[in-house]
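Some notes on the structure that comes next.
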Amino acid sequence: MNPTPSDEPIGYDPSAVEGKWQQSWQERDTNTTDVASAPDPYYALMMFPYPSAEGLHVGNLFAFVGNDIYGRFQRLQGHNVFEPFGYDAFGIHSENYALKVGKHPMDLIPQNIANFERQVQRSGLMVDWTKKLSTTDPDYYKWTQWVFLQLLKQGLAYKKQAAVNWCPSCKTVLANEQVVGGACERCDTPVEQRFLSQWFFRISDYAQRLLSNLDGLDWSETTKTAQRNWIGRSDGAEISFPVKKNASGDVIRVFTTRPDTVFGATYLVVAPEHPMVATLTGGVNKSAVDQYLARSAKQDVVTRKSSTEKTGVFTGAYATNPATGKDIPIWISDYVLMEYGTGAIMAVPGHDERDFEFAKVFGLPIVRVVCAEGEEPSAPLNEAFTENERGIIVNSGKFDGMTVATAKREIVRMLEEKGAGHPVVNYRLHDWCISRQRYWGPPIPIIYCDDHGAVPVPEKDLPVVLPYVEDFKPDDSGVSPLARHEDWYRVPCPECGKMARRETDVSDTFLDSAWYFLRYPSVGIDEVPFDSSITKKWLPVDSYIGGNEHAVLHLLYSRFVTMVLHDMGYIEFEEPFKRFRAHGLIIRNGAKMSKSRGNVVIPDHYIEKWGADAFRTYLMFLGPFEEGGDFRDASISGVKRFLDRLWASVHSAVDSQPMNSVGDPGVMRKLHQTIKKVGDDISRLSYNTAVAAMMEYMNALRRGERSPSRVEVEPLVQLVSPFAPHIAEELWEKLGHKESVFNAGWPVFDQALAADERIELPVQVNGKTRGKLSVPRDITQDDAVAAALAEESISKFLGGPAKKIIFVPGRLLNLVG
RNA sequence: GCGGAAGUGGCGGAAUUGGUAGACGCGCUGGACUUAGGAUCCAGUGGAGAAAUCCGUGGGGGUUCGAGUCCCCCCUUUCGCACCA
């Protein structure tokens, strides 16, 4: 006789079990991957974290566990899984924090990493710790500097004086991507404009390739969309407007996506920073223009980009509209941006909202050149008519009557014949500014020599080590703190040996993370950044999981760097991540977790109380992995109860039953259905439903106080192992196995055992469910109808004979009266 | 403004192709065991109704034998981008 469940000791002590197995994994190298000779490599990568001083929070853990489950599942499928871990520890975030607490980042970061690592280890990830990296390690950033030199070699790194975003609080330049709504992404301070000499990467050269390749990637659709929008391809034309005033043959080139409206271009507008402003401006207008330029130069970027109020000034000059032959005035306004297109536009107030507004403010002519069907060409415009789907061209000479699409093509052809225009594709994507006037980053490996200019540091001299300096605080000078350390920056020129000066700026953290996935498998190899045969074996990354906040920046930069290294012949692939899935965000009380809200959850005490296994499983159970969910500690107990019942079931099965016990047919059917479902669900990261399926099976195992037998419960240990690895190992051992459960493979799914021979067939009358019939799975339509009509509770809804019968074999019967 | 995602019980959420709406868990209710239970186990649990039955997936239309799922309009929330010509 089996003991009744209520007499069993229920519940187990997670900390003892988890400590035991974490130690065992370490001693037995269970999680170490043989990168050199693994026969069936699978690279399961997660985005490496910034090791903050607060430590790991549940948002990090949610992502790591999601990846870990996927990696462990792939291992159970027979792959040699490589799951590395590292730290993205350079950057403003670390540095600002170090300043705040009055410590040096070189002292602080190792402490943070140690704390972080303790937490990560405690959560039971299948990480190969022999391949750990930190971007702040000279052995790593040596190669980050090498990457910079490769881009330089390819002509893809260049220095230019440019208007850059300057955060007066962080005292550094920000990339366009780090400016959110005109303010610093990090501290919300309004960003100012400064003119500094900066290093840029020519990512815009790769815009089309970065865009086209997206189609072939197995990535979350939302991420691909974000990248497409960021790259921002727009098809249009460049049109030249000869300047009337001077005889030197100057032309103003404009970019437009609406060449079909060129007959309605009644004035031109150039950006205040446009190089031709000075030559255009004459006599009486000069003082007004100077005033306007001074005003907009002073204005911070926030106000300029956020206010839609139109301001501007007339230059006094005119240009000729190549379509109409008429002279039109040239204005200056800050609603035209120098960084997009040519920095000049043709204004078509009839068909562009911004131009319309501007024309209204300054009383400029508004001409209609597009009509809706049935509308009079002379109909006045009370607002810009921008609907181009149904638009018909009017007041445009021989082009009248054409659709917008046709006119676009024909008018560009006409302009081309006149030499006044040609089709052009423009991208929103700008070159990547990588200079940072800060301390905490890899020094850019350049030496400035009076005779030889900017000389790259020879590769043999890498790394250019970031020196330990006490005063690493940035100042308002616009140069890095390293520029205050002459003993560091005074070095001989590599070309001629004459005293020269190091570049004192450091590079953007996004450069650190743009290639780390290439390094992981080759960690420990000092001669090269990534060994070619190991790289060929492990890359591109098979599965990459990370946050959608990096949908644009990190993922785009990584793709760019990978393409460049591919073009240089270092690697054989040009896309680094075959498959990418963005995980969701864990929120708390309906709000995003943040320090300012004080709702950040640190996992430590949850793990202490419930165990890592229960906590991991709970995180995966609280909502769809790709959407995230609300963290509420209320329902952890349900998951722990599930693990307790698993524990009790295995113990009772092993302790009180013979080895050759047989399973109940109904339970075994459910088991095989569960094996199938859990495997399918994990494959598509539907972890919450996988957990639900296992719980459902557990309910079936113990329904009516039955004691499950060994064959019923043993495979469940394997199914649960990706989620709750420690208890799975313990129970696997209890079941008599000597090897790790992660070397045991996935339970074999038997289709025949999973099939139900009888099913509950829902019967509808006129589309409303009126009953269920227990019938053989392969029942014929006639038999099903007969059985349905025999049921008084069903047939009573059907007045007479059924006029129509819809029968979906095995699924449903619908009788239409 | 543009683009994406989403609105389902008291709560978190299921429903892979149009086919039993509410799996699984929390909570709640009842019971068992117990000196006790905020432990454990079993069972029940969308709403209304004594029942038959009716009503139910943000709101309103539509397609269909059948709609949470498809189409049109509207409302709400949320995340990106935003004077990009």
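Below, chain A is the first sequence line, B the second, and so on; all start at residue 1.
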### Query
Can you name the one residue among A:I252, A:D352, A:L268, A:T266 that meets side-chain contact (heavy atoms from CB on, under 4.5 Å) with A:M346?
A:L268

### Query
Hey, does the side chain of A:K772 come within less than 4.0 Å of B:U20's phosphate (OP1/OP2), counting only N and O?
no

### Task
Tell which nucleotide pairs with B:A5, taking only Watson-Crick or G-U wobble pairs whose two distances are both under 3.5 angstrom.
B:U77

### Task
Kindly say if A:K640 contacts the phosphate of B:A39, meaning a side-chain N or O under 4.0 Å from OP1 or OP2.
no

### Message
Would you measure the distance from the C1' atom in B:G25 across to the matching atom in B:G19 and give it in whole Å?
### Response
27 Å

### Message
Between A:W432 and A:F510, is the ring centroid distance below 6.0 Å?
### Response
no

### Query
According to a strict under-4.0 Å criterion, is A:N699 in side-chain N/O contact with OP1 or OP2 of B:G25?
yes

### Task
Provide the distance between the two P atoms, one in B:U77 and one in B:U8, to the nearest whole Å.
14 Å

### Query
What is the pairing partner of B:U17, taking Watson-Crick or G-U wobble pairs with both distances under 3.5 Å in any strand?
none

### Query
Is any side-chain N or O of A:K310 under 3.5 Å from a base N or O of B:C83, one able to act as donor and the other as acceptor?
yes

### Message
Checking base pairs now: Watson-Crick or wobble, both atom distances under 3.5 Å. What partners B:A36?
### Response
none

### Query
Are side-chain heavy atoms of A:F615 and A:V58 found at a separation under 4.5 Å?
yes

### Task
Please measure how far the C1' atom in B:U57 lies from the corresponding atom in B:G68, and state the result in whole Å.
5 Å

### Task
Any strand is fair game: report the nucleotide pairing with B:C11 by Watson-Crick or G-U wobble, both distances under 3.5 Å, or none.
B:G25

### Query
OP1, OP2 of B:U40 versus side-chain N and O of A:R641: anything below 4.0 Å?
yes

### A:F631/A:Y606 aromatic ring centres below 6.0 Å
yes

### Task
Starting at atom CZ of A:R645, determine the distance to atom P of B:C24, rounded to an integer number of angstrom.
11 Å

### Message
Does B:G10 have OP1 or OP2 under 4.0 Å away from a side-chain N or O of A:R632?
### Response
no

### Message
Does a side-chain N or O of A:R428 approach OP1 or OP2 of B:A82 to a distance below 4.0 Å, or not?
### Response
yes

### Task
Report yes if the distance between the aromatic ring centroids of A:Y618 and A:W610 is under 6.0 Å, otherwise no.
no

### Summary
Against the side chain of A:K677, the closest entry in B:U16, B:C42, B:A14 is B:U16

#### Entry: Mate of B:A82 where both pairing distances stay under 3.5 Å, Watson-Crick or G-U
none

### Query
Do the side-chain N or O atoms of A:S686 get closer than 4.0 angstrom to the phosphate oxygens (OP1, OP2) of B:A14?
no

